[in-house]
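Heads up, the thing below is written out as structure tokens.
Here is how names work: the chains are called A, B, and so on, in the same order as the sequence lines, proteins then strands, and each is numbered from 1. Below, each value reflects all heavy atoms present in this structure, side chains not excepted, and no hydrogens, waters or symmetry copies.
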There are 2 protein chains.
Amino acid sequence: MRSFNTASPASTFAPPAVAPGADLGPMSVRMSFAKEEEIYAQEEEADLVYRVVSGAVRITCLMADGRRHVAGFHFAGEFFGLESGEQHAFSAEALCDTVVAVAKRRLVERDGEIERLLWISTAREMSRLHAHMLLLSRKTACERVATFLVEMADRQGRQDSLFLPMGRQDIADYLGLTIETVSRMMTKLQADRLIEMEDPRHVRIRHGAALMDCCE
Amino acid sequence: MRSFNTASPASTFAPPAVAPGADLGPMSVRMSFAKEEEIYAQEEEADLVYRVVSGAVRITCLMADGRRHVAGFHFAGEFFGLESGEQHAFSAEALCDTVVAVAKRRLVERDGEIERLLWISTAREMSRLHAHMLLLSRKTACERVATFLVEMADRQGRQDSLFLPMGRQDIADYLGLTIETVSRMMTKLQADRLIEMEDPRHVRIRHGAALMDCCE
DNA sequence: CGACCGATTGAAAATGTTCAAGGCAGGTGG
DNA sequence: CCACCTGCCTTGAACATTTTCAATCGGTCG
């Protein structure tokens with residue numbers, strides 16, 4: 001289920017891609033974050049909207065006993081930080097050196113153009129969340145990893161090769177698996193000649209159609 | 001007509017039974033659906049917004065090989081049907097006799113008041129989806145069932161007792177478990193004296209604090 | 001060179017699933 | 001009114017997938 005594969009220029013991502021004009025209107029501010037730096041924290045007040053200008057962002061949540069969950073990743077052009085509560089239930093960190101545009105949510109809500117984009121982005125995000133729930137709820141480990149690779153290739157606007165800006169632990173926490181299982185499935189997909197790994201972060205898709213078949 | 005016909009005596013489903021004034025503005029239409037009747041189907045065009053007036057709605061998705069996934073349930077006052085694609089990726093069915101308000105999405109977007117409600121509802125739904133992803137990604141079977149019971153009690157505005165308008169299969173597909181596991185966990189929670197089941201759909205919470213501890 | 005970090009691999013263990021059977025309540029028809 | 005069927009839920013036992021625990025590999029950095 002790939003509902004985000006629109007050839008929208010804002011959703012293309014080549015490793016350190018920049019989304020031209022990905023801002024949040026005249027009242028927004030740009031901020032830079034180093035790799036692994038926190039953009040906002042769990043429990044922090046949530047009245048800002050963010051948009052990735054360049055780089056990549058990870059949304060995470062830590063359970064009391066230490067179990068970690070990655071809710072998603074955001075690339076250039078994408079909005080994030082929208083939550084219903086007063087406080088963030090999740091935290092956001094930069095996966096690599098990243099620039100984001102930040103604005104008070106109230107200000108954005110007055111700008112018709114940005115607001116429209118925000119709606120579109122939100123609707124797309126809802127679809128992504130639904131697809132991801134399906135993955136977490138009913139897919140096998142192998143299907144999850146295959147789906148993840150296809151999703152990433154898609155969001156990078158590529159078909160044949162992809163770069164993973166996140167490590168295995170992030171992937172595992174995103175897919176609801178352990179790091180070992182992710183590793184095993186990557187190895188299996190490679191053994192099955194569907195993909196080829198130059199190194200853990202560079203994947204070449206050898207048989208896209210077959211990989212997609214693995215997604216379900 | 002508003003009672004949840006489970007073929008059992010008048011079951012009360014307190015607070016969110018009917019949401020007074022839960023409509024979608026002057027351009028909206030009311031529609032009634034019988035138990036298990038389809039409100040919209042997977043693949044159907046998605047340009048309408050829905051709001052539950054009374055009853056309960058289930059959002060489901062069927063995978064090609066028959067695996068089923070329940071994305072959520074909606075009760076009186078709640079919006080549903082918002083999707084980013086042109087077509088619905090999910091279908092919606094009435095859990096019991098249900099009345100919904102329906103409007104063209106474009107019309108709703110012109111009504112300031114409804115639009116505001118829609119934003120709030122959407123943000124809340126996003127939070128719910130995030131919480132649910134965490135559940136699917138990292139919680140054990142027991143934690144899932146306990147979380148589900150607490151969530152349902154919460155949404156019914158109760159602390160001590162709750163009514164489940166859906167069957168075990170729906171719960172299982174919502175929690176990413178099998179019907180047998182759900183049943184076993186319900187039995188376990190009862191054996192542990194945290195809950196008590198009058199019948200499969202009527203649950204009394206005997207020790208709310210302990211049940212909440214089970215949620216994580 | 002040695003230490004360290006992330007990724008991979010292997011074997012044992014656990015959690016949840018599958019398959020199979022049985023129980024209970026409601027509805028139907030004799 | 002009772003017998004029986006049906007649907008839904010529960011229970012049990014074997015099985016499978018994924019996790020856990022532990023060891024190793026390979027590259028990078030000091």
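Taking atom CD of residue Gln169(A) and atom P of nucleotide dT20(D), one finds them 11 Å apart after rounding to whole Å. Separating the CG atom of Asp199(B) from the C1' atom of dG26(C) is a distance of 13 Å, rounded to the nearest angstrom. Straight-line distance from the NZ atom of Lys188(B) to the C1' atom of dT11(D): 16 Å, rounded to whole Å. As rounded to whole Å, 9 Å separates atom C1' of dC8(D) from atom CZ of Arg201(B). dT10(D) atom P lies 12 Å from atom CG of Leu189(B), rounded to whole Å. Here dT8(C) presents its C1' atom at 13 Å from CE of Met185(A), a figure rounded to the nearest Å. Between the CD1 atom of Ile179(B) and the C1' atom of dG7(D) there is a distance of 10 Å, rounded to whole Å. One atom, CD of Glu36(B), and another, C1' of dC8(D), lie 13 Å apart when rounded to the nearest Å.
The aromatic rings of Phe148(B) and Tyr174(B) stand perpendicular to each other, their planes meeting at an angle above 60°, with 30° marking the opposite boundary.
You'll find that the side chain of Pro200(B) is closest to dC9(D), out of dT20(D), dT17(C), dC9(D). Comparing atom distances between the Glu180(A) side chain and each of dT8(C), dT9(C), dG12(D) picks out dT9(C) as nearest. Of the candidate nucleotides dT20(D), dA7(C), dT17(C), dA7(C) has the atom lying nearest to any side-chain atom of Arg168(A). Checking dT18(D), dT9(C), dT17(C) against every side-chain atom of Leu177(A), the shortest atom distance belongs to dT18(D). Each of dT11(D), dT19(D), dG16(C) was ranked by its minimum atom distance to the side chain of Ser183(B); first place goes to dT11(D). Among dG10(C), dG16(C), dT18(C), the nucleotide with an atom closest to any side-chain atom of Ala141(B) is dG16(C).
The shortest side-chain heavy-atom distance between Arg193(B) and His207(B) does not fall under the 4.5 Å cut-off. Considering only heavy atoms from C-beta on, Val203(A) comes within 4.5 Å of Met186(A) through its side chain.
Between Thr178(B) and the phosphate of dG16(C), there is no side-chain N or O to OP1/OP2 separation shorter than 4.0 Å. For Thr187(B) and dT11(D), the shortest distance from a side-chain N or O to OP1 or OP2 is below 4.0 Å.
Residue side chain Arg184(A) reaches the base of dG10(C) through a donor-acceptor N/O pair under 3.5 Å, judged by distance alone.
Between the side chains of Glu83(A) and His88(A), a donor-acceptor pair is found at a separation under 3.5 Å.
For the pairing with Arg204(A), the side-chain hydrogen bond (donor to acceptor under 3.5 Å, both in side chains) check across Glu196(A), Glu198(A), Gln190(A) returns one residue only, Glu196(A).
Place Gly176(B) and Met197(A) on DNA chain C by their nearest nucleotides, and Met197(A) ends up nearer the 5' end.
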